[in-house]
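Working notes for the structure below.
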Protein chains: 2
Amino acid sequence: MSAGNTGVTMLEPCGSPTHPDCGLRDVLDRLGDRWSVLVIAELSGGTRRFRELQRNVHGVSQRMLTLTVRRLERDGLVLRTAYPTVPMTVTYELTDRGRSLSELLRSLADWSSANREAVAQSRHRWDAEHPTDVT
Amino acid sequence: MSAGNTGVTMLEPCGSPTHPDCGLRDVLDRLGDRWSVLVIAELSGGTRRFRELQRNVHGVSQRMLTLTVRRLERDGLVLRTAYPTVPMTVTYELTDRGRSLSELLRSLADWSSANREAVAQSRHRWDAEHPTDVT
DNA sequence: CTGAATCCGAAAGGATACTG
DNA sequence: CAGTATCCTTTCGGATTCAG
(Lines give C-alpha, C1' and ligand atoms only; values in the text may rest on other atoms or scores of the structure.)
Protein backbone atom coordinates (compact mmCIF):
# COMPACT_ATOMS: atom_id res chain seq x y z
CA MET A 1 0.00 0.00 0.00
CA SER A 2 3.00 2.20 -0.12
CA ALA A 3 2.16 2.05 -3.81
CA GLY A 4 -1.08 3.84 -3.10
CA ASN A 5 0.15 7.04 -4.65
CA THR A 6 -1.52 8.01 -7.90
CA GLY A 7 1.37 9.78 -9.51
CA VAL A 8 -0.03 13.10 -8.45
CA THR A 9 2.60 15.08 -6.65
CA MET A 10 1.91 15.71 -3.02
CA LEU A 11 0.65 18.96 -1.65
CA GLU A 12 3.23 20.94 0.25
CA PRO A 13 3.81 18.96 3.44
CA CYS A 14 2.43 20.85 6.41
CA GLY A 15 4.21 20.91 9.70
CA SER A 16 7.08 18.68 8.76
CA PRO A 17 10.48 19.72 10.13
CA THR A 18 11.60 20.89 6.72
CA HIS A 19 8.33 22.69 6.05
CA PRO A 20 7.27 24.19 9.38
CA ASP A 21 4.32 25.81 7.69
CA CYS A 22 2.52 25.50 4.41
CA GLY A 23 0.37 27.68 2.25
CA LEU A 24 -2.78 25.90 3.23
CA ARG A 25 -2.43 26.70 6.89
CA ASP A 26 -2.27 30.37 5.93
CA VAL A 27 -5.35 30.33 3.76
CA LEU A 28 -7.28 28.53 6.42
CA ASP A 29 -6.28 30.97 9.10
CA ARG A 30 -7.47 33.77 6.90
CA LEU A 31 -10.60 32.26 5.37
CA GLY A 32 -11.44 29.35 7.60
CA ASP A 33 -13.94 31.33 9.62
CA ARG A 34 -17.65 31.27 9.02
CA TRP A 35 -18.06 34.40 6.91
CA SER A 36 -14.96 35.50 5.01
CA VAL A 37 -15.46 33.48 1.86
CA LEU A 38 -19.18 34.20 1.78
CA VAL A 39 -18.43 37.91 1.90
CA ILE A 40 -15.88 37.52 -0.87
CA ALA A 41 -18.42 35.58 -2.90
CA GLU A 42 -20.95 38.34 -2.50
CA LEU A 43 -18.42 41.02 -3.39
CA SER A 44 -17.47 39.07 -6.49
CA GLY A 45 -20.76 40.40 -7.83
CA GLY A 46 -19.59 43.98 -7.50
CA THR A 47 -19.38 46.80 -5.01
CA ARG A 48 -21.68 46.57 -2.01
CA ARG A 49 -22.66 48.80 0.86
CA PHE A 50 -22.57 47.52 4.41
CA ARG A 51 -26.30 46.95 4.56
CA GLU A 52 -26.35 45.23 1.23
CA LEU A 53 -23.68 42.84 2.41
CA GLN A 54 -25.57 42.06 5.55
CA ARG A 55 -28.75 41.42 3.60
CA ASN A 56 -27.12 39.20 1.00
CA VAL A 57 -24.84 37.21 3.25
CA HIS A 58 -27.50 35.21 4.98
CA GLY A 59 -27.31 35.00 8.73
CA VAL A 60 -24.32 37.19 9.39
CA SER A 61 -24.64 39.46 12.38
CA GLN A 62 -23.64 43.09 12.29
CA ARG A 63 -20.76 42.41 14.58
CA MET A 64 -19.31 39.53 12.57
CA LEU A 65 -19.73 41.38 9.31
CA THR A 66 -17.79 44.31 10.73
CA LEU A 67 -15.01 42.06 11.95
CA THR A 68 -14.92 40.09 8.72
CA VAL A 69 -14.69 43.01 6.31
CA ARG A 70 -12.07 44.61 8.49
CA ARG A 71 -9.87 41.56 8.41
CA LEU A 72 -10.32 41.25 4.67
CA GLU A 73 -9.42 44.91 4.27
CA ARG A 74 -6.37 44.42 6.44
CA ASP A 75 -5.22 41.57 4.22
CA GLY A 76 -5.70 43.71 1.13
CA LEU A 77 -8.48 41.56 -0.26
CA VAL A 78 -11.19 44.15 0.12
CA LEU A 79 -11.20 47.90 -0.43
CA ARG A 80 -13.31 50.00 1.91
CA THR A 81 -14.42 53.47 0.90
CA ALA A 82 -16.25 55.84 3.23
CA TYR A 83 -18.21 58.83 1.97
CA PRO A 84 -18.87 61.61 4.49
CA THR A 85 -22.55 61.83 3.65
CA VAL A 86 -25.21 61.92 6.30
CA PRO A 87 -26.05 59.30 7.15
CA MET A 88 -22.73 57.74 6.38
CA THR A 89 -22.13 55.74 3.23
CA VAL A 90 -19.50 53.01 3.07
CA THR A 91 -18.81 50.69 0.18
CA TYR A 92 -16.81 47.51 -0.08
CA GLU A 93 -15.31 45.95 -3.15
CA LEU A 94 -12.76 43.30 -3.98
CA THR A 95 -9.22 44.35 -4.75
CA ASP A 96 -7.37 42.68 -7.59
CA ARG A 97 -5.91 40.31 -5.06
CA GLY A 98 -9.35 39.56 -3.69
CA ARG A 99 -10.67 38.88 -7.16
CA SER A 100 -7.88 36.48 -7.94
CA LEU A 101 -8.86 34.57 -4.84
CA SER A 102 -12.54 34.60 -5.69
CA GLU A 103 -11.69 32.82 -8.92
CA LEU A 104 -10.32 29.91 -6.92
CA LEU A 105 -13.31 29.91 -4.64
CA ARG A 106 -15.52 29.45 -7.63
CA SER A 107 -13.87 26.14 -8.45
CA LEU A 108 -14.41 25.08 -4.87
CA ALA A 109 -18.06 26.03 -5.07
CA ASP A 110 -18.36 24.10 -8.31
CA TRP A 111 -16.75 21.07 -6.74
CA SER A 112 -19.22 21.24 -3.90
CA SER A 113 -22.19 21.48 -6.21
CA ALA A 114 -20.93 18.57 -8.25
CA ASN A 115 -20.32 16.39 -5.21
CA ARG A 116 -23.06 17.46 -2.88
CA GLU A 117 -25.29 14.52 -3.73
CA ALA A 118 -22.53 11.93 -3.52
CA VAL A 119 -21.34 13.27 -0.19
CA ALA A 120 -24.85 13.16 1.18
CA GLN A 121 -25.14 9.53 0.14
CA SER A 122 -21.82 8.68 1.73
CA ARG A 123 -22.99 10.19 4.96
CA HIS A 124 -26.25 8.29 4.86
CA ARG A 125 -24.45 5.03 4.28
CA TRP A 126 -21.93 5.74 6.99
CA ASP A 127 -24.61 6.67 9.47
CA ALA A 128 -26.47 3.46 8.71
CA GLU A 129 -23.34 1.40 9.29
CA HIS A 130 -22.45 3.17 12.52
CA PRO A 131 -25.72 3.46 14.41
CA THR A 132 -24.11 4.05 17.78
CA ASP A 133 -21.99 7.02 16.81
CA VAL A 134 -23.51 10.44 16.85
CA THR A 135 -20.76 12.17 14.87
CA MET B 1 -19.78 52.60 -8.39
CA SER B 2 -22.54 50.27 -9.26
CA ALA B 3 -20.26 49.90 -12.29
CA GLY B 4 -17.61 48.36 -10.06
CA ASN B 5 -18.07 44.95 -11.59
CA THR B 6 -15.18 43.63 -13.63
CA GLY B 7 -17.12 41.56 -16.06
CA VAL B 8 -16.42 38.42 -14.10
CA THR B 9 -19.63 36.61 -13.37
CA MET B 10 -20.58 36.53 -9.75
CA LEU B 11 -20.15 33.56 -7.52
CA GLU B 12 -23.33 31.78 -6.63
CA PRO B 13 -25.14 34.16 -4.30
CA CYS B 14 -25.28 32.75 -0.80
CA GLY B 15 -28.31 33.11 1.34
CA SER B 16 -30.41 35.09 -1.07
CA PRO B 17 -34.09 34.12 -1.20
CA THR B 18 -33.64 32.45 -4.57
CA HIS B 19 -30.47 30.66 -3.47
CA PRO B 20 -31.02 29.73 0.18
CA ASP B 21 -27.69 28.00 0.21
CA CYS B 22 -24.62 27.86 -1.98
CA GLY B 23 -21.82 25.45 -2.61
CA LEU B 24 -19.34 27.48 -0.65
CA ARG B 25 -21.27 27.21 2.57
CA ASP B 26 -21.15 23.44 2.19
CA VAL B 27 -17.42 23.25 1.59
CA LEU B 28 -16.78 25.46 4.56
CA ASP B 29 -18.95 23.41 6.85
CA ARG B 30 -17.01 20.34 5.79
CA LEU B 31 -13.47 21.70 5.57
CA GLY B 32 -13.58 24.94 7.52
CA ASP B 33 -12.24 23.36 10.67
CA ARG B 34 -8.63 23.49 11.70
CA TRP B 35 -7.43 20.10 10.47
CA SER B 36 -9.46 18.61 7.61
CA VAL B 37 -7.62 20.34 4.82
CA LEU B 38 -4.23 19.62 6.32
CA VAL B 39 -5.06 15.94 6.64
CA ILE B 40 -6.18 15.84 3.02
CA ALA B 41 -2.97 17.55 2.01
CA GLU B 42 -0.91 14.97 3.85
CA LEU B 43 -2.89 12.11 2.35
CA SER B 44 -2.38 13.57 -1.10
CA GLY B 45 1.13 12.17 -0.71
CA GLY B 46 -0.17 8.62 -0.41
CA THR B 47 -1.49 6.17 2.14
CA ARG B 48 -0.68 6.94 5.75
CA ARG B 49 -1.09 5.18 9.04
CA PHE B 50 -2.65 6.94 12.00
CA ARG B 51 0.66 7.65 13.66
CA GLU B 52 2.18 8.90 10.45
CA LEU B 53 -0.66 11.33 10.02
CA GLN B 54 -0.28 12.61 13.52
CA ARG B 55 3.45 13.07 13.08
CA ASN B 56 3.17 14.85 9.75
CA VAL B 57 0.20 17.07 10.47
CA HIS B 58 1.90 19.41 12.86
CA GLY B 59 0.12 20.14 16.10
CA VAL B 60 -2.93 17.95 15.73
CA SER B 61 -3.96 16.15 18.87
CA GLN B 62 -4.90 12.51 18.87
CA ARG B 63 -8.47 13.39 19.63
CA MET B 64 -8.84 15.88 16.80
CA LEU B 65 -7.14 13.61 14.32
CA THR B 66 -9.56 10.85 15.19
CA LEU B 67 -12.55 13.12 14.76
CA THR B 68 -11.20 14.61 11.54
CA VAL B 69 -10.44 11.38 9.72
CA ARG B 70 -13.78 9.99 10.79
CA ARG B 71 -15.66 12.93 9.32
CA LEU B 72 -13.64 12.71 6.12
CA GLU B 73 -14.38 9.03 5.92
CA ARG B 74 -18.06 9.70 6.47
CA ASP B 75 -18.07 12.14 3.58
CA GLY B 76 -16.39 9.62 1.34
CA LEU B 77 -13.22 11.66 0.97
CA VAL B 78 -11.01 9.23 2.84
CA LEU B 79 -10.87 5.45 2.90
CA ARG B 80 -10.01 3.79 6.18
CA THR B 81 -8.68 0.24 6.25
CA ALA B 82 -8.09 -1.70 9.46
CA TYR B 83 -5.87 -4.78 9.61
CA PRO B 84 -6.40 -7.13 12.55
CA THR B 85 -2.72 -7.34 13.39
CA VAL B 86 -1.45 -6.91 16.89
CA PRO B 87 -0.94 -4.18 17.62
CA MET B 88 -3.58 -2.90 15.30
CA THR B 89 -2.75 -1.39 11.92
CA VAL B 90 -4.98 1.19 10.29
CA THR B 91 -4.32 3.04 7.08
CA TYR B 92 -5.93 6.08 5.54
CA GLU B 93 -5.93 7.15 1.93
CA LEU B 94 -7.82 9.55 -0.28
CA THR B 95 -10.71 8.27 -2.32
CA ASP B 96 -11.12 9.45 -5.89
CA ARG B 97 -13.46 12.11 -4.60
CA GLY B 98 -10.93 13.15 -2.02
CA ARG B 99 -8.22 13.37 -4.65
CA SER B 100 -10.36 15.53 -6.90
CA LEU B 101 -10.73 17.90 -3.99
CA SER B 102 -7.05 17.87 -3.16
CA GLU B 103 -6.37 19.15 -6.67
CA LEU B 104 -8.38 22.26 -5.91
CA LEU B 105 -6.65 22.70 -2.59
CA ARG B 106 -3.36 22.78 -4.39
CA SER B 107 -4.39 25.90 -6.29
CA LEU B 108 -5.40 27.47 -3.02
CA ALA B 109 -2.05 26.62 -1.51
CA ASP B 110 -0.33 28.05 -4.56
CA TRP B 111 -2.34 31.24 -4.27
CA SER B 112 -1.34 31.53 -0.65
CA SER B 113 2.33 31.07 -1.41
CA ALA B 114 2.16 33.60 -4.20
CA ASN B 115 0.39 36.19 -2.06
CA ARG B 116 1.84 35.54 1.34
CA GLU B 117 4.31 38.38 1.11
CA ALA B 118 1.84 40.90 -0.25
CA VAL B 119 -0.70 40.02 2.43
CA ALA B 120 1.91 40.43 5.14
CA GLN B 121 2.74 43.88 3.79
CA SER B 122 -0.92 44.84 3.67
CA ARG B 123 -1.27 43.87 7.28
CA HIS B 124 1.77 45.80 8.30
CA ARG B 125 0.52 48.90 6.55
CA TRP B 126 -2.95 48.53 7.99
CA ASP B 127 -1.60 48.06 11.50
CA ALA B 128 0.52 51.16 11.14
CA GLU B 129 -2.48 53.20 10.03
CA HIS B 130 -4.71 51.89 12.79
CA PRO B 131 -2.55 52.00 15.89
CA THR B 132 -5.44 51.84 18.33
CA ASP B 133 -7.01 48.66 17.01
CA VAL B 134 -5.69 45.36 18.22
CA THR B 135 -7.41 43.13 15.64
C1' DC C 1 -26.35 54.05 7.99
C1' DT C 2 -22.21 52.25 9.84
C1' DG C 3 -20.26 51.00 13.13
C1' DA C 4 -18.27 50.17 18.55
C1' DA C 5 -18.79 48.02 23.12
C1' DT C 6 -20.35 44.70 26.28
C1' DC C 7 -22.23 40.42 27.69
C1' DC C 8 -22.89 35.69 27.32
C1' DG C 9 -23.82 30.94 25.54
C1' DA C 10 -22.16 27.40 22.41
C1' DA C 11 -18.74 25.05 20.25
C1' DA C 12 -14.03 23.80 19.04
C1' DG C 13 -10.17 21.97 20.48
C1' DG C 14 -6.09 20.60 23.79
C1' DA C 15 -4.31 17.60 27.79
C1' DT C 16 -4.52 13.65 30.09
C1' DA C 17 -5.61 9.05 31.42
C1' DC C 18 -7.36 4.69 30.06
C1' DT C 19 -8.49 0.48 26.74
C1' DG C 20 -8.51 -3.46 23.11
C1' DC D 1 -0.85 1.10 17.55
C1' DA D 2 -5.18 3.15 17.33
C1' DG D 3 -8.29 4.75 19.40
C1' DT D 4 -12.03 6.33 23.66
C1' DA D 5 -13.53 9.09 27.57
C1' DT D 6 -13.33 12.99 30.43
C1' DC D 7 -12.22 17.45 31.75
C1' DC D 8 -11.25 22.08 30.93
C1' DT D 9 -9.72 26.27 28.46
C1' DT D 10 -10.14 29.09 24.62
C1' DT D 11 -12.36 30.93 20.84
C1' DC D 12 -16.32 32.06 17.98
C1' DG D 13 -20.07 34.31 17.32
C1' DG D 14 -25.02 35.99 18.40
C1' DA D 15 -27.94 39.56 20.88
C1' DT D 16 -28.24 43.84 22.60
C1' DT D 17 -27.18 48.49 23.51
C1' DC D 18 -24.88 52.81 22.52
C1' DA D 19 -22.53 56.37 19.34
C1' DG D 20 -20.96 59.43 15.25
* **Side chain of R80(A) - closest among dG3(C), dG14(D), dG13(C)** => dG3(C)

* Asked: dC12(D) P sits how many Å from L28(B) CG, rounded?
  -> 15 Å

* What is the distance, rounded to the nearest whole Å, between atom CG of L67(B) and atom P of dG13(C)? -> 9 Å

* Separation of D33(B) atom CG from dT11(D) atom C1', in whole Å? -> 15 Å

* With a 4.0 Å cut-off on heavy atoms, is R51(A) in touch with a base, just the backbone sugar-phosphate, or nothing at all? -> base

* What's the shortest heavy-atom distance between Y92(A) and R80(A), and which atoms? -> CE2-CG, 3.3 Å

* Asked: Given atom CD of E73(B) and atom P of dG3(D), what is their separation to the nearest angstrom?
  -> 9 Å

* DNA chain D: M88(A) or R63(A), which has the more 5' nearest nucleotide? -> R63(A)

* Asked: Does Y92(A) have a side-chain nitrogen or oxygen under 4.0 Å from the phosphate oxygens OP1 or OP2 of dG3(C)?
  -> yes

* **From dA2(D), dC1(C), dT17(D), nucleotide with atom closest to P87(A) side chain** => dC1(C)

* Asked: Does any donor atom in the side chain of D33(B) or S36(B) lie under 3.5 Å from an acceptor atom in the other side chain?
  -> yes

* To the nearest Å, give me how far apart CG (L53(A)) and P (dG3(C)) are. => 10 Å

* **Whole-Å distance separating the CZ atom of R48(A) from the C1' atom of dT2(C)** => 18 Å

* In terms of side-chain heavy atoms, does R106(B) have a donor or acceptor partner in S44(B) at a distance below 3.5 Å? -> no

* Asked: So what does R49(B) hit on the nucleic acid, given a heavy-atom distance under 4.0 Å: a base, only sugar-phosphate, or nothing?
  -> sugar-phosphate

* Between M64(B) (CE) and dT16(C) (C1'), how many Å, whole number? -> 16 Å

* On DNA chain D, check which nucleotide each of Q62(A) and G59(A) is closest to and give me the residue with the more 5' one. => G59(A)

* Drop me the distance from R123(A)'s CZ to R30(B)'s CZ, to the nearest 0.5 angstrom. => 5.0 Å

* Would you please say whether a donor-acceptor pair under 3.5 Å links the side chains of T68(B) and R34(B)? => no

* **Interatomic distance, R34(A) CZ vs dA10(C) P [rounded to whole Å]** => 16 Å

